[in-house]
Structures are given as C-alpha cells and as structure tokens.
Protein chains: 2
Amino acid sequence: MKMMKLPEKTVERLSIYRRTLLDCLAQGKTHIFSHELANLHNITAVQVRRDIMFIGYSSMQRKGYDVKELIDVIGGIIDSEARQNVAIIGIGNLGRAITTYFMGKRSKLNIVAAFDLDPNKIDRMVSGVKCYSMQNIEEIVKEKDISIAILTVPADSAAGTTERLVQAGIRGILNFTTVPLNVPSSVHLEEYDMITSLEKVAYFVKKQAG
Amino acid sequence: MKMMKLPEKTVERLSIYRRTLLDCLAQGKTHIFSHELANLHNITAVQVRRDIMFIGYSSMQRKGYDVKELIDVIGGIIDSEARQNVAIIGIGNLGRAITTYFMGKRSKLNIVAAFDLDPNKIDRMVSGVKCYSMQNIEEIVKEKDISIAILTVPADSAAGTTERLVQAGIRGILNFTTVPLNVPSSVHLEEYDMITSLEKVAYFVKKQAG
DNA sequence: TAATTACTGTTATTACAATAACATTGTTCG
DNA sequence: CGAACAATGTTATTGTAATAACAGTAATTA
Ligand SMILES: NC(=O)c1ccc[n+]([C@@H]2O[C@H](COP(=O)([O-])OP(=O)(O)OC[C@H]3O[C@@H](n4cnc5c(N)ncnc54)[C@H](O)[C@@H]3O)[C@@H](O)[C@H]2O)c1
Ligand SMILES: NC(=O)c1ccc[n+]([C@@H]2O[C@H](COP(=O)([O-])OP(=O)(O)OC[C@H]3O[C@@H](n4cnc5c(N)ncnc54)[C@H](O)[C@@H]3O)[C@@H](O)[C@H]2O)c1
C-alpha cells in the first residue's frame, strides 16, 4: 500500500470530499468532475485534482471520477482495516452531545465506551454507551481495543487524565478542552479548540468592521 | 491602531496565549519569559517572540513580558471595543452544551439569543438564554446587535439557514455542521468540523501503526 | 569598565501549501 | 482524419508559516 506522506491539509480535504461523495452516491450520481467537487466546497478544481493525484487515483478521462471508487480509495487511506474503537472521556454535556450524534451514524469509527468519575454515571448506559469508571480504564482499553480518545473532561483534570490515557495505551487524542496537553510523539494529539475558533471569528469580524 | 494583517496562525496562538496568561495572572505571576510561555504550549520560544513581535509589544528586557500588559494588548487585537454579541442557531444537544458552557464564563463574547424552529423551545429560556423563532431573526439580530452566529442546526437545514443569517446581517459564522457553506466575502466563515478532526486522528494513528 | 550572561527583537532561510501554467489525453464533429 | 474541445495529471511559481541564525540590550560580575 502506498504510504507516502500526504500533506496534512490534503488529509483534511479527503475527509470532506468523502462525505460529499457519499451524498452524491446516495443521490444516484456515479461520476463527478473535479470542478463539480470543487464547486461543492468553494475551492478550485486544481486543488481537488492535486489532492487526488497525491493519493494516486486516476479517473476515466473525460468522464470524471468514479464516485464509488473514489470513496473506497479515500477509505483505504483514512480508515483502518481493523475497526478503530473510540472512547469518550468525561461524559458531561459535551460528551453526551457527541455520543448521541455518533450513535446516529455508522462509520469505521465506533464509540464503544465512556469513562467518568461521577458515581451516578458509572456502570450505567449514558447516551447509548456504557460508562465505566476511570479507575478501570487500562483494563477496558485493552479489552475493547480502544485506540482513540475524545477528551471532554473539565479543564483542571485534563492534564492528569491525559497521562492516564497515554499509560493505558491510547494512540490518538481529540482534545476538546482548552488546555494544552503533553503527549509523547507516538501519540497523535489533535487540538479542537472552540474558544480559539470563536475568537478568530471575532477578530476577523472586528477587522472588517474597523 | 496598528491594523496590519497578522498571520492567521498567529491570531490563533494569541488566543491561546491569552488564556494561559490569565491563568498565570490568577496565580499571581506578574512576568513571564518567552521560553516559559513556550513550554506551556509545547512550542518554541522563538515562535512566541515572533508572534509578540507581530503585535508590536515589547517586554522589559530581561524581566520577561508583563503578564497584565500582554493580556491587554492581545485583548486590543482580538476583542472589539464594542461588545460582540453572539447567537446560537439551533439549540439542540450541541447548541445547549455550548450555551451552558459559555454562560459559566465571562468574556467579551456574549451569547445573547438562541434561535430554533421547535415550538417547544421558542419563547422559552433554554440553557440560560432566550430562544426566539427563526422567523424573527432579522429583527432580533438588529435589535440585539448580534454580529456572530454559532451554527448548530441539522445538516440539511444548514445551507438555507446560512442564507437567512447573511440576510439578517450576521458578520461571522462558526460552522459546527459538516456541510460546506457559501457566504459572501464580507462574512467570515470559520469551519469547525469535528468529523474531519476525528478522521485525521484516525489517519495518523493508523499510519503510525502500519 | 569590560567581559559574561540571559534574555529579547529582527532578519534570513527553509519547509509547506496553494495557485498558476502547461502538457496530455480521450471525445466530438466538420 | 485531424482540428477543436473538455477534461485530467504534472511541473513551476508564488505565498504563507516555521525555524534558524544573528544582532541588540539590560543586568551581573570580575
Ligand atoms: N461544552 C462546550 O461547549 C465546551 C466548549 C469548549 C470547551 N469545552 C471543554 O470541554 C470539557 C467538557 O465540557 P462540558 O461542558 O461537557 O463539561 P461538563 O462539566 O458538563 O462535563 C464534564 C464531565 O467530566 C466528568 N469528569 C470530571 N472529572 C473527570 C475525570 N478526572 N475523569 C473523567 N471524567 C471526569 C464529569 O463527571 C462530567 O461528567 C471542558 O474541559 C470544557 O472546557 C466545552
Ligand atoms: N452533536 C455533535 O456532537 C455534533 C458533532 C458534529 C457535527 N454536529 C452537527 O451539529 C449540528 C447539530 O447537532 P445536534 O446534535 O445538536 O443536533 P440536534 O438535532 O440535537 O439539534 C438541532 C436543533 O436545531 C433545530 N433546528 C432544526 N432545523 C432548524 C432550522 N432550520 N433553523 C433553526 N433551528 C433548527 C432543532 O429544533 C434542534 O433543536 C448538526 O448539523 C450536526 O451534524 C454535531
């Protein structure tokens, strides 16, 4: 399998393309031109073609890309063959919203457990997943083969919790908290910082006004 | 006021620095060295200094940056003098989590209204804010001087709702939905795409494993 | 006071991403 | 057939961000 390093931005766009392509497929569209895909995302057709070039897929000339094939090729890049299991760490307001949302979808990424400290939640089903005590995290992570954690604990527990996740063998973390985390380079950390995004909007709105 | 264009990534980091600085201030720290601020975010001291250079702030040599001053300077860049008012569009699971979270904070950005279609929510308080009917959005946006929208409606209403927001005079949108949106260039659109972020984690986890 | 230290501020270089330019290839049709 | 077309695939250029190199300066000390 071609495992050359893709540009990070290309990986992001592939994820987005795939969602659009799945919609197209659902609408019975079998082929799509680079400029169509581009228009759907307000980017240029060149960008689309370049991204697709990176993953080594080729269309039938003049017919556009085969929607089904392209979905599969992107899947081959992004998805694991083995299912990747995901855990929610801290199933409060945000954790519940995310879990509920995911339960309604089906994908290669499955939320298979939640972890919390609150005794009212532990050993119960919360938003459709079983909630476990943080104390048992190492054993459950191994048992259920969980590789990815979605971190939605309060800010002041974030650093400590992250250490436990790493020790438990978690390989990737999506960080919803607004505190910077420290992980070894073998663990992929993705920041997902709502406050920063919102303040960025505020900055650009202000700038345009001024 | 110096309104030269800052690098987008610098704007993001300024938002992050400020949060850390506020923590430092709360802990009674009055000065901070570039390398300290850097260590707290796992970046280099040079990057910190360069960012601070961009905004034209200077420290007292050898004493580090004045925490209070730096917070204010960053505020002068990011915050508006006039308060910026924010609305939640679609106050479902995610919208409620966000609103509850923000109500617990104080900042220059205030959530002053929610909008929804659901008659059970309209004209009630939801998570601490008044929920209005989407039908009245233009008038309420003007009345309450709302400039920013947080978009948390279902995917299939996203495009249509966005048009209404633009017409109502919204100037910036933080898009939580997973569909690409079309806005005029005078409106700042910030994508905040959870699925892409999560799939990115999955990709890098898989890559490291393979 | 001159050398040393411990920082900051600026410029230069390198790396990464987006855009533009161009070459290529089936398809259509005069 | 072969020019014109309509699309893709590739290389070249430009723009943006990160890193590295270095210059400057207050405090410290011999
Ligand atoms: N809600 C939002 O919109 C929002 C926005 C930005 C950032 N965040 C961040 O996301 C995180 C969660 O936000 P929320 O609104 O869901 O908070 P919340 O208080 O509703 O939920 C936190 C949950 O974590 C659990 N918890 C506490 N300590 C824990 C620990 N050490 N280990 C495991 N679980 C623990 C709590 O019992 C609770 O269920 C916070 O760090 C917050 O800063 C949330
Ligand atoms: N919940 C998550 O973690 C999550 C994750 C990724 C993306 N999203 C996206 O965020 C959006 C909201 O997710 P959710 O889980 O809160 O869904 P939800 O169904 O709980 O909430 C949607 C809300 O929007 C209201 N609504 C519907 N149509 C509307 C319209 N035209 N105008 C105004 N309000 C309208 C509904 O009445 C409801 O209150 C969706 O687009 C979803 O794809 C959510």
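A note on names: the letters A, B, ... follow the listed sequences, proteins ahead of strands, and every chain is numbered from 1. Hydrogens, waters and symmetry mates play no part in the numbers below; they use all other heavy atoms, side chains included.
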**Item:** The single option from V129(A), T152(A), I91(A) passing side-chain contact (heavy atoms from CB on, under 4.5 Å) against R96(A)
**Value:** I91(A)
**Request:** Would you name the heavy atoms of A202(B) and L109(A) that are closest together and state the gap between them?
**Result:** CB-CD2, 3.9 Å
**Atom pair distance, as rounded to whole Å: CE in M60(B) and C1' in dG24(D)** = 17 Å
**Item:** Nearest-neighbour nucleotide for the M53(B) side chain, dG9(C), dT10(D), dA18(D) considered
**Value:** dG9(C)
**Request:** May I have the distance from H35(B) (atom NE2) to dT19(D) (atom P), rounded to whole angstrom?
**Result:** 18 Å
**Message:** What is the distance, to the nearest angstrom, from the CG atom on L6(B) to the P atom on dT16(D)?
**Reply:** 14 Å
**Message:** Under 4.0 Å from OP1 or OP2 of dT8(C): is there any side-chain N or O of S59(B) that close?
**Reply:** no
**Atom-to-atom span, CD of E8(B) to P of dA17(D) - whole angstrom** = 7 Å
**Asked** Is a donor-acceptor pair below 3.5 Å formed from side chain R62(B) to base dT8(C), judging by atom type as modelled?
**Response** no
**Complete:** From the candidates dT8(D), dA17(D), dC7(C), the one with an atom nearest any side-chain atom of S34(A) is dT8(D)
**Asked** Counting only N and O atoms by type, is there a donor-acceptor contact under 3.5 Å from the side chain of D51(A) to the main-chain atoms of R13(A)?
**Response** no
**Request:** Kindly point out which of dA7(D), dT8(C), dA17(D) is positioned nearest to the side chain of F33(A)?
**Result:** dA7(D)
**Prompt:** Within the pair R49(B) and dA20(D), is there a side-chain N or O less than 4.0 Å away from OP1 or OP2?
**Reply:** no
**Prompt:** Between the base of dT19(C) and the side chain of R50(A), is there any donor-acceptor pair under 3.5 Å?
**Reply:** yes
**Request:** Taking only the side-chain nitrogens and oxygens of T10(A), find out if one of them lies under 4.0 Å from OP1 or OP2 of dA17(C).
**Result:** no
**Message:** What is the separation between atom NE2 on H31(A) and atom P on dT8(D), rounded to the nearest whole Å?
**Reply:** 12 Å
**Prompt:** Which whole-number value in Å describes the distance from K63(A) NZ to dC5(D) P?
**Reply:** 21 Å
**Request:** Take the protein atom CG of D51(A) and the nucleotide atom P of dT19(C), then report the distance between them rounded to whole Å.
**Result:** 11 Å
**Message:** Quick test of your reading of the model: are K68(A) and D72(A) salt-bridged, counting only N-O distances below 4.0 Å?
**Reply:** yes
**Request:** Measure from the side-chain heavy atoms of V46(A) and tell me the nearest of dT10(D), dG9(D), dT8(D).
**Result:** dT10(D)
**Message:** Below the 4.0 Å mark, does dG9(C) have OP1 or OP2 next to a side-chain nitrogen or oxygen of S58(B)?
**Reply:** yes
**Request:** Take the protein atom CD1 of I52(B) and the nucleotide atom C1' of dC7(C), then report the distance between them rounded to whole Å.
**Result:** 13 Å
**Prompt:** Are I150(B) and F176(B) close enough that some pair of their side-chain heavy atoms sits under 4.5 Å apart?
**Reply:** yes
